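Working notes for the structure below.
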Amino acid sequence: MNVYETVKQQVTARQAAERYGIRINRYGMVVCPFHKDTNPSMKLDNRFHCFACQADGDVIDLVARLYDLNPKEAALKLAADFGIPVTIRARFSPQRQSQSYTKAATEVTNLPLDKLALKATIPCFHTLASYLHMLQYWQEHFAPKTYDCEWDSRFTEALQNKSYVEYLLDTLLWGTAEDKTALLSDHGKEVVELDKQITEQKKTFPERNP
């Protein structure tokens, strides 16, 4: 299990907010720290969502935004602050993480893998990048309008999966040959099914220019 999954299983957005000094009322609402909020407009539970500025995400997204960290740094901060034991190997640099996945896709052709693994890596990368695109669209367009309305399943899926898909893409781009081979072995069948899902969902979100 990677650091993202480990942290998200053990710490909620509400627990993190309390740890870092955000006052929460009895309804689980807080003054949003991400815009000039005067009345509590952010809902906190396992995840967070602001009904004014639409900021939302999981506990790692919350801490990343609070402290201006990338997702990996936020996950490690949470692990340290909550005493969660994790084992981490360096997979990518902060400088590379900031590049767009679309522009970085050309680097896939230079992966240090044998020809068979490389042949599998390229479609895997593009499937995951397409899925991330879809999740970003769902998160933006299916966010709840009020704190008490039922959350759309697509919005929930985006919150649950976006950080992990970004982690997988980072591994394919900048991980070691061993990491990439393990990813293909562990997630190959899953990515094939994901590609089928994306094909079915293509009409629900527009194409974006890189």
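Please read these numbers as outputs of a predicted model, since none were measured by experiment.
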Is there a side chain to side chain contact (heavy atoms under 4.5 Å, CB included) between Asn25 and Val30? Walk through the geometry before answering.
CA-CA 6 Å; Asn25 69 22; Val30 302; over 6 Å; no

Test item: Leu66 and Pro33 side chains (from C-beta on) under 4.5 Å apart, heavy atoms:
yes

Spacing of CD belonging to Glu193 relative to CD belonging to Gln197, to within rounding of 0.5 Å
9.5 Å

Under the salt bridge (charged side-chain N to carboxylate O under 4.0 Å, His left out) rule, what pairs show up with a residue in residues 47-58, not counting sequence neighbours?
Lys8-Asp58

Separation of Tyr164 OH from Leu132 CG (nearest 0.5 Å):
14.0 Å

Rounded to the nearest 0.5 Å, how far does CE of Met29 lie from CG of Asp45?
10.5 Å

Regarding Tyr131 and Asn161, do their side chains bring together a donor and an acceptor under 3.5 Å, going by distance alone?
yes

Heavy-atom closest pair (Ile84 atom, Leu78 atom, distance to 0.1 Å) is CD1-O, 4.4 Å

Quick one: are Phe51 and Pro144 in side-chain contact, heavy atoms under 4.5 Å?
yes

Looking at Asp61 and Arg65, is there a salt bridge between them, counting it only when a charged N and a carboxylate O are closer than 4.0 Å?
no

Hey, what's the ring geometry for Trp138 with Phe142, parallel, tilted or perpendicular (30° and 60° as the breaks)?
perpendicular

Given side chains that start at C-beta, do those of Lys162 and Gln136 come closer than 4.5 Å, heavy atoms only?
yes

Check the pair Leu168, Val191 against side chain to side chain contact (heavy atoms under 4.5 Å, CB included), reporting the backbone distance first and the verdict last.
CA-CA 11 Å; Leu168 294 177; Val191 171; over 6 Å; no

To the closest 0.5 Å, what do you measure between CD (Gln9) and CG (Asn46)?
10.5 Å

Distance (rounded to the nearest 0.5 Å) between Cys53 SG and Lys36 NZ:
13.5 Å

Test Arg154 against His141 for side chain to side chain contact (heavy atoms under 4.5 Å, CB included), laying out the working first.
CA-CA 9 Å; Arg154 290 162 293 190; His141 287 80; over 6 Å; no

So, for Ala16 and Leu62, which heavy atoms are closest and what is the spacing to 0.1 Å?
CB-CD2, 4.5 Å

Correct closest heavy-atom pair for Asn39 and Asp37 would be O-OD1, 2.6 Å

Quick check for you: to the nearest 0.5 Å, what is the distance between His49 atom NE2 and Gln139 atom CD?
9.5 Å

Among all residues two or more places apart in sequence or in another chain, which pass the side-chain contact (heavy atoms from CB on, under 4.5 Å) test with Ala74?
Ile60, Val63, Ala64, Leu69

Pairwise side-chain contact, His35 with Ser41, heavy-atom cut-off 4.5 Å (strictly under)
yes

With Tyr67 via ring pair (Phe, Tyr, Trp, His ring centres under 6.0 Å) - residues at least two apart:
Tyr20

Between Gln54 and Glu140, is there a side-chain heavy-atom distance shorter than 4.5 Å?
no

Do Phe82 and Arg19 make a side-chain contact, defined as non-hydrogen atoms from C-beta onward lying under 4.5 Å apart?
yes

Can you find a heavy atom in the side chain of Pro71 that is under 4.5 Å from one in the side chain of Tyr4?
yes

Do Val59 and Thr12 touch side chain to side chain, with heavy atoms closer than 4.5 Å?
no

Less than 4.0 Å between a side-chain N and a carboxylate O, is that true for Arg14 and Glu18?
yes

Identify whether Val31 and Phe34 are in the same connected component of the hydrophobic contact network (ILVMFWY, side-chain heavy atoms under 4.5 Å).
no

